[in-house]
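What follows is a set of notes on a single structure, which appears directly below.
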Amino acid sequence: MNPVFSGLGETVFDVMSGLARETGAINLGQGFPEWDGPEDLRARAAQAVMSGPNQYPPMRGLPELRAAVADHYNTTQGLELDWRRNVTVTSGATEALAAALLAVLSPGDEAIVFEPAYDSYLPMLRRAGAEARIVRLHPPSWKVDPERLLEAFSSKTRAVILNTPLNPSASVMDEDDLSLIARLCIERDCICISDEVWEECVFGSAVHRSMMGIPGMRDRTIKIGSAGKMFSMTGWKVGFACAGPDLTEAFARAHQFLTFTTPPMLQTAVAFGLQTASGRLKTMRETLQGLRDNLISQLVEEGFHVLPAAGTYFLSVDLARSGVGASCAEFALRAVKEAGVATIPFSAFYTSPTEDALVRLCFAKSEQTLNEGVKRLAIARNLMAGSR
Ligand code: PMP
Ligand code: GLN
């Protein structure tokens with residue numbers, strides 16, 4: 001067995017959702033909406049299954065979807081992409097991340113990872129033979145410390161892995177941080193693998209800026225997106241990787257031996273979704289923002305300390321400041337088993353212990369689910385009341 005995987009447990013998302021299913025708990029853990037996604041997109045996919053073709057689509061994706069991806073980002077993020085040279089369709093962002101890491105990293109290379117880090121980055125980076133240099137971000141601002149970042153670079157650094165909006169902290173990286181990372185990537189001749197799957201889930205005055213749009217980064221960035229997040233259908237697993245022509249070629253060589261391609265009916269439906277995106281994305285943001293605000297006010301009323309949440313489906317609760325005397329991992333396990341509510345402990349996103357005890361809650365749920373979830377969180381807090 002390869003030690004990268006034999007030494008790992010099952011991902012926290014599946015563990016928590018599994019426990020929620022077993023115990024009948026309210027699931028505020030894994031990030032997926034409680035609703036089933038736009039009906040017209042589902043109808044398009046169903047129609048495409050029946051009318052076909054149902055054979056292998058082109059390895060880089062259906063031209064209509066690649067063109068729709070380029071048009072969407074050109075309109076919304078000013079990226080000037082050419083679908084033939086800059087866009088590859090993948091089976092979800094997870095596959096795009098794996099392909100990007102395999103395409104860019106060689107054994108002995110180093111890659112910089114900001115922590116908290118989405119859980120697939122480190123195993124896949126190590127499987128590519130590289131080593132991670134961790135730069136920790138701290139609540140509540142989650143801003144990059146320029147000195148820490150500079151220290152993390154070495155002569156072996158090949159890539160920086162970025163995630164904005166950031167899962168799990170729900171923060172959106174500002175212009176200063178993006179420019180700093182860009183400057184160092186350019187000076188040190190590094191690639192930025194930019195996980196932007198939450199780009200459409202930003203609220204209030206927060207604005208998502210793509211690393212690909214920062215001057216000098218266009219041909220040094222692999223920008224990764226996810227239709228599952230854009231259209232609230234996380235099970236669809238349709239992703240996109242946008243990059244300069246040379247990086248796109250290398251990326252496609254890795255992608256062709258991972259999944260080769262992605263189900264054509266889903267690609268057809270996602271192309272339609274992107275062609276008609278502006279209204280539906282605005283409605284999605286308004287719905288999510290309403291649910292976020294509702295959950296925040298209920299949690300605050302119950303005496304929970306909530307951190308700012310500018311993007312993603314998530315918000316985080318500071319357990320110590322909310323009167324909980326347990327670590328986040330213990331809280332999450334006992335809350336699902338004893339109080340009937342699943343959450344995600346931040347510990348799953350770190351390589352070593354942190355001072356903070358934070359849990360992540362998903363607010364892409366019905367008001368009824370959120371109301372019941374808060375009641376159960378209050379029960380969990382009473383079970384673990386105290387200070388650490
Ligand atoms: N990156 C981040 C930061 C995510 O949060 C997720 C899933 N929520 C993914 C990648 C994976 O996306 P997909 O389901 O499209 O594979
Ligand atoms: N990205 C989702 C989350 O953060 C989960 C994806 C998965 O389960 N692999 O909850």
Side-chain angles (χ1 to χ4, degrees), residues 59-61 65-66 69-70 72-74 76-106 109-114 117-118 120-130 132 157-167 173 178 181-186 188-199 208-230 237-260 262:
M59 181 272 280
R60 291 167 194 250
L65 176 54
R66 293 167 69 202
V69 170
H72 176 71
Y73 287 136
N74 293 348
T76 59
Q77 298 178 16
L79 293 183
E80 296 179 19
L81 301 172
D82 168 352
W83 67 267
R84 288 177 192 80
R85 290 153 53 86
N86 301 125
V87 182
T88 313
V89 175
T90 62
S91 292
T94 309
E95 194 238 328
L97 284 161
L101 292 164
L102 291 173
V104 169
L105 299 172
S106 303
D109 285 346
E110 288 180 2
I112 292 176
V113 177
F114 295 101
Y118 185 63
S120 80
Y121 302 161
L122 288 172
M124 296 314 290
L125 176 161
R126 290 184 180 131
R127 192 62 190 89
T157 312
R158 189 73 200 109
V160 175
I161 302 172
L162 181 69
N163 176 209
T164 182
L166 180 61
N167 176 10
M173 209 166 255
L178 289 173
I181 297 165
R183 180 168 60 75
L184 290 170
C185 280
I186 295 163
R188 306 300 183 105
D189 195 16
C190 291
I191 302 296
C192 183
I193 298 174
S194 187
D195 178 346
E196 301 177 18
V197 300
W198 296 105
E199 60 201 339
H208 171 73
R209 281 282 317 261
S210 174
M211 181 53 100
M212 214 177 170
I214 303 292
M217 290 305 288
R218 195 169 190 288
D219 291 337
R220 294 190 170 274
T221 304
I222 302 180
K223 167 185 166 63
I224 293 172
S226 169
K229 303 295 181 314
M230 280 186 183
K237 304 301 284 189
V238 179
F240 336 112
C242 300
D246 292 349
L247 269 179
T248 294
E249 288 308 311
F251 179 91
R253 299 291 183 275
H255 159 72
Q256 67 186 339
F257 297 128
L258 284 172
T259 59
F260 180 68
T262 301

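Count residues from 1 along the sequence. Nothing here was measured: the structure is a model prediction, and the numbers come from that model. Both backbone and side-chain heavy atoms feed into the values below; hydrogens, waters and symmetry mates do not.
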statement: On a heavy-atom basis, the closest approach of R253 and Q256 is O-CG, 3.0 Å
message: Please check this pair: side chain of T157 against backbone of E110, looking for a donor-acceptor N/O pair closer than 3.5 Å.
response: no
Any V87 side-chain heavy atom under 4.5 Å of T248 side chain: no
message: When you compare the side chain of R218 with that of L81, does any pair of heavy atoms fall below 4.5 Å?
response: yes
- request: Evaluate the side-chain contact (heavy atoms from CB on, under 4.5 Å) criterion for residues I214 and R209: first the C-alpha distance (whole Å), next the side-chain angles of each, then the deciding distance (0.1 Å), finally the verdict.
  value: CA-CA 8 Å; I214 303 292; R209 281 282 317 261; 3.5 Å; yes
- prompt: Taking atom types as modelled, is there a side-chain donor on E199 or Y73 under 3.5 Å from an acceptor on the other?
  reply: yes
task: Please round to the nearest 0.5 Å and tell me the distance separating atom CG of L247 and atom CZ of R220.
output: 9.0 Å
task: State, to 0.1 Å, how close F240 and M230 come at their nearest heavy-atom pair, and which atoms those are.
output: CE1-CE, 3.9 Å
- line: So CG of D246 and CZ of R85: to nearest 0.5 Å the spacing works out to 9.0 Å
Side-chain (H72) to main-chain (Q77) donor-acceptor, under 3.5 angstrom: no
task: Can you see which heavy atom on T262 is nearest to which on S91, and at what distance?
output: OG1-OG, 2.9 Å
task: Check whether the side chains of T221 and S194 place a donor and an acceptor atom closer than 3.5 Å, and report yes or no.
output: no
Flag side-chain contact, heavy atom, 4.5 Å: I193 against L162: no
query: Looking only at heavy atoms, which two atoms of A99 and A254 are closest? And how far apart?
result: O-CB, 3.5 Å
message: Applying side-chain contact (heavy atoms from CB on, under 4.5 Å) to M212 and C242, what does each step give before you reach the verdict?
response: CA-CA 9 Å; M212 214 177 170; C242 300; 4.1 Å; yes
- request: Using atom types as modelled and distance alone, determine if a side-chain donor or acceptor of R66 lies under 3.5 Å from a backbone N or O of R84.
  value: yes
- request: Work out which heavy atom in P165 is nearest to a heavy atom in H208; give both atom names and the distance.
  value: CD-ND1, 3.5 Å
task: Taking H255 for its side chain and T88 for its backbone only, find out whether a donor-acceptor pair lies under 3.5 Å.
output: no
query: Do the side chains of L97 and M124 get nearer than 4.5 Å, heavy atoms only?
result: no
query: Where do L105 and A130 come nearest, in terms of heavy atoms and distance?
result: CD1-CB, 3.8 Å
query: Can D195 and K223 be counted as an ion pair, charged N to O under 4.0 angstrom?
result: no
query: Between I222 and C192, is any pair of side-chain heavy atoms under 4.5 Å apart?
result: no
message: Do E196 and I224 make a side-chain contact, defined as non-hydrogen atoms from C-beta onward lying under 4.5 Å apart?
response: no
query: Quick one: does T90's side chain have a donor or acceptor within less than 3.5 Å of a partner on G92's backbone?
result: yes
E249/R60 ion pair, N-O < 4.0 Å: yes
field: Side-chain (D82) to main-chain (N86) donor-acceptor, under 3.5 angstrom
entry: no
query: Going through the checks in order, is the side-chain contact (heavy atoms from CB on, under 4.5 Å) test met by I191 and C185?
result: CA-CA 7 Å; I191 302 296; C185 280; over 6 Å; no
query: Any side-chain heavy atom of M173 within less than 4.5 Å of one from I181?
result: yes
query: Run the side-chain contact (heavy atoms from CB on, under 4.5 Å) check on V160 and F114 step by step: do they pass?
result: CA-CA 8 Å; V160 175; F114 295 101; 3.8 Å; yes
message: Please tell me whether K237 and S226 have a donor and an acceptor in their side chains that are separated by less than 3.5 angstrom.
response: no
Student check: side-chain heavy atoms of Y121 and N163 closer than 4.5 Å: yes
